[in-house]
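Below is one structure; the comments refer to it alone.
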Amino acid sequence: MCSVRRRTRFAPSPTGFMHIGNLRSALYAWLVAKSHDGDFILRIEDTDRERYVEGATELIYETLAECGLSHDEGPDVGGPCGPYVQSERLSHYRPFAEKLVEEGKAYRCFCTKERLENLAEARESGEGESSFGYDRHCRDLSPEEIQKNLDEGKPYVIRQKMPLEGETTYHDEVYGDITIANKELEDQILLKSDGFPTYNFANVIDDHEMGITHVVRGCEYLSSTPKYNLLYEAFGWEKPVYIHLPLILGTDGKKLSKRHGATSFADLHKEGYLTAAILNYIAFLGWAPGSDTREVFSLEELRGVFDEKHISKAPAVFDYQKLRWMNGEYLKALDDEAFADYIRPYTQAFYEGAELRPEAESMIAEILHSRIESGADLAGMLSFLKAPAEHGSDLYLNKKQKLTPALSRRVLEAVCQACSSLEQWDKSSIYDSLMGLKETLALKTGQVMGPPRLALSGQQVTPGGAVEIMTILGREESLARMQSEIEKLPEAEPEA
Ligand code: GLU
């Protein structure tokens, strides 16, 4: 087996969005193949026509391309095992289903929808003979009965004939040996009356025809896999290696859902998470690189260290705080230009399309670069730029810096005076001017820089200091804000 070139596949149904769990399946399938220089195949599983969503396939192509999970074969790139869209492979399935019928491993079921509905109702109310699934009514029809039904043109489905006794065991690389009693396996439908295969049938035929060596998918398929293996056995085909991936939970231990936050790639993106950070974070949802304690990995680095032996069966917890931290690391690592490009749409949205001076825009990028974990943080962090926060004069009390409201007023007066006559309103001119005041007023740096920063923002903590904030606000707004503060502050300290 080890000399066989690895072939994995990502087999999404075109549902219209790429859930985090799907993206993780794609990433792990890609890594299982690419860590061994194997092939990664994209197959679109669109046999469930009711769930089909227009444009969903394009979204899958776009997301995979955006994430760098390039596929070697697929509907858009072709390949020797095509077509790679199930609805275009319909002619492939019937002959296999008929072969099983001929060999007595499957049978035609003529049960009407009505009968099946009654059966389901009886089962729900506890009257049914069988506690689960189809009651195998057509399993032992005589050849005459079958022929009669066929002659009458009765529609039928083809069902798999499950063994009624014994057990089926298979090995999963993550979950170990899984055993299920055969009597618990429903005689599942392989081919529907409209000729469409069920997912349960199509995935086996396709995985075989496409030479898939490793099946990587979510653990919700663990319990169906014995049925797939019985099909492999019925055809005498070699079974693939199974790698089922653990559940993804929220931090409250419940299955990850929209209640926890964004659950699709597109929504995470919209919230300001970088593709590389999302991918890096998702790589850790159920896997860790052995003894390596690093957490920040590019896709290529993951490819170098990935080993499916380190996939854990314990449910993975999706922690948005951790993702935010990771995103912050990726944002810090961007060069200034890339960060400016990243933050621009958030800045524009903050100013609601109003024109912003280029130096203000680049200053915003400069003060946020090392401080934010997502562009979505911008609006909250910079809200004071729109209007200073509500505050009282005690904002200016700082024992350590020996700052008082009255001293602040004096400083603000001096700053306004010095800055109103500046020729250039830019970072270095403002800085020089404030540092000049420090000398003339014989104050400490904090005593000169503090008051304008507090006056302009109305808050104790700000990203960036007085010089940066003045640069962003511009001369007119800065002077107006400081002037209005001067009027509110006392000229002298009140008598103790
Ligand atoms: N079409 C299935 C899904 O989207 C794929 C399951 C598999 O990988 O076999 O869940």
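Remember, it's 1-based here, ligands and their atoms both numbered in the order they're listed.
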Test side-chain contact (heavy atoms from CB on, under 4.5 Å) on H137 and R115 and set out the steps.
CA-CA 10 Å; H137 179 261; R115 179 173 188 278; 3.4 Å; yes

Which heavy atom in F339 sits nearest to a heavy atom in A365, and how many Å separate them?
CE2-O, 3.3 Å

Could you check whether any heavy atom of F10 sits closer than 4.0 Å to an atom of ligand 1, since that is the contact criterion I want to use?
no

Taking a cutoff of less than 4.0 Å between a non-hydrogen atom of the residue and any ligand atom, is R9 in contact with ligand 1?
yes

How does Y221 reach ligand 1, by side chain, by backbone, by both or by neither, if only non-hydrogen atoms under 4.0 Å count?
side chain

Go through the steps for K148 and D151 under the test salt bridge (Lys or Arg N to Asp or Glu O under 4.0 Å), then give the verdict.
CA-CA 5 Å; K148 185 168 167 279; D151 292 344; over 6 Å; no

Describe, in one word, how the ring planes of Y199 and Y228 are oriented to each other, choosing from parallel (under 30°), tilted (30 to 60°) and perpendicular (over 60°).
perpendicular

Side chain proximity check, F235 to L100, heavy atoms < 4.5 angstrom
yes

Minimum-distance protein heavy atom relative to atom 9 (O) of ligand 1
Y199 OH, 2.4 Å

Which residue holds the protein heavy atom closest to atom 5 (C) of ligand 1, what is that atom called, and what is the gap in Å?
A11 O, 3.1 Å

Just by distance, do the side chain of N280 and the backbone of F297 share a donor-acceptor pair under 3.5 Å?
yes

For ligand 1, which is the ligand I care about here, please tell me if E45 has any N or O atom under 3.5 Å from one of the ligand's N or O atoms.
yes

Indicate yes or no: does an N/O atom of P12 lie under 3.5 Å from an N/O atom of ligand 1?
no

S13 neighbourhood, listing ligand 1 atoms whose heavy-atom distance to it stays under 4.0 Å
1 (N), 2 (C), 3 (C), 4 (O)

